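Take a look at the structure below.
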There are 2 protein chains.
Amino acid sequence: MTTDDLMSKALASLNEMDGPIPVEAIHRLADLNDLDDPLTIAQAADLLDVSPHTLRYYERAGLIVVDRAPGGHRSYDAAAMRRLVFLTRMRLSGMPMRDLQHYVRLVDEGEATVPERLDMLLEHRDTICRQLRELTLSLAATEYKIATYGGRTGDDADFAEAGS
Amino acid sequence: MTTDDLMSKALASLNEMDGPIPVEAIHRLADLNDLDDPLTIAQAADLLDVSPHTLRYYERAGLIVVDRAPGGHRSYDAAAMRRLVFLTRMRLSGMPMRDLQHYVRLVDEGEATVPERLDMLLEHRDTICRQLRELTLSLAATEYKIATYGGRTGDDADFAEAGS
DNA sequence: ATAGGAGTTCGAGTGCGCTCGAACGCAAGA
DNA sequence: TCTTGCGTTCGAGCGCACTCGAACTCCTAT
């Protein structure tokens, strides 16, 4: 089995991916469209699949400003939810809090910072692509181990045949 | 632009990926084949793209036993390197140290633990696939923002049209 | 009216995976 | 020979992103 074979198998697995995550994610995004009433922190957290603690943490970190209902409870409207979807997606793809704070600062500074924001996004896209490549390699390695019955940590099932 | 379009674009980007990482990785793996002399910790670290500190840390953590040259210096032979390639690839794809320690313990316990090891690998494969799906969504989100000139953190460039 | 549950703030704690510093030892080139 | 630089051990420290606990407040349903 060559490395190319491994990669093909890995990419094939990729195409078989019809798991629950995208569907779920899209449904949650779709919910944002017909969002007329603002949400409580628990509802927002549920939708975004993070904890209320984390939402407060993001707010403390300056990533978002959230309206308050009379009584002081947080109130997440559609705009807040859209920003949070963006934030959580960036976090999920490994953008550090620091960078998100910087990005948000740029947004606050107005249109003049669009080029820098664009740079950040382009750089982050590269980061994601790199991660995708590395993950695909790891998937190939894992598939290979599985194919050889998950043995011996590389004493046997190794990458000896892997050559460009 | 629909979600499907976004996904298509994201997957297209995926196919354009001819970056330095896989090539580099494969070359480094290929080097392992004609590895007759054992390596120093610095050489091993270089090849694996981790720090010597990290290699010592993995050893302390019980993930690998490394030969010593006369004089006490660590000496990484082909088998050690193969195990380390496996370990670093699993780490890179997010397998926790704990799980790797467990896996290695199972390996030490012999062939009887093959089924459990296989279970771990299957589960990890699922984890990788989930990560790939999430990353692909994040890539789509990033591409979309880039396409709309990286503006306003979701106040404008949002996912309002994402349906189905 | 009151009990329960969900919300609030604040600071402190946790878990993970390194990463570093100090004090020391061997080893190979000028 | 000597020096300089990579190697060693050990424990401690760090950075990140949450995560939690305490003490309190507020809405809601009985």
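All chains are named by letter (A, B, ...) in the order of the sequence lines, taking the proteins before the strands, and each is independently numbered beginning at 1. All of these numbers come straight from a predicted model, not from anything done at the bench.
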d(CG, L100(B); C1', dG17(C)) in whole Å: 12 Å
Close side-chain approach of I146(B) to T142(B), heavy-atom, < 4.5 Å: yes
For atom CE of M97(B) and atom P of dC16(C), their distance in whole Å: 11 Å
Rounded distance (Å) that lies between atom C1' of dG15(C) and atom CG of D99(B): 14 Å
Cationic N near anionic O, under 4.0 Å, E59(B) to R83(B): no
Nearest-nucleotide comparison on DNA chain D, the residue closer to the 5′ end among T54(A) and P70(A): T54(A)
Euclidean distance, atom OH of residue Y76(B) to atom C1' of dG7(D) [Å, nearest integer]: 11 Å
Test: R91(B) and E134(A) ion pair at under 4.0 Å: no
Between F86(A) and Y103(A), ring centroids under 6.0 Å: yes
Any side-chain donor near an acceptor of the partner, S93(A) and H124(A), under 3.5 Å: yes
Y58(A) side-chain N/O to dC18(D) phosphate OP1/OP2 under 4.0 Å: yes
Side-chain heavy-atom pair T113(B), V107(B) within 4.5 angstrom cut-off: no
Between dC14(D) (P) and Y57(B) (OH): distance, integer Å: 17 Å
Nearest-angstrom distance from the residue atom CE of M90(A) to P of dA17(D): 15 Å
Whole angstrom value for the distance that separates C1' of dT14(C) from CZ of R98(B): 12 Å
Under-3.5 Å N/O pairs linking protein and nucleotides 7-11 of chain C:
| residue | atom | partner | partner atom | Å |
| --- | --- | --- | --- | --- |
| dT8(C) | OP1 | R74(A) | N | 2.6 |
| dT8(C) | OP1 | R74(A) | NH1 | 2.9 |
| dT8(C) | OP2 | R56(A) | NE | 3.0 |
| dT8(C) | OP2 | R56(A) | NH2 | 3.2 |
| dT8(C) | OP2 | R74(A) | NH1 | 3.3 |
| dT8(C) | O5' | R74(A) | NH1 | 3.4 |
| dT8(C) | O3' | R68(A) | NH1 | 3.4 |
| dT9(C) | OP1 | R68(A) | NH2 | 3.2 |
| dT9(C) | OP2 | R74(A) | NH1 | 3.0 |
| dT9(C) | OP2 | R74(A) | NH2 | 2.6 |
| dG11(C) | N7 | R60(A) | NH1 | 3.2 |
| dG11(C) | O6 | R60(A) | NH2 | 3.3 |

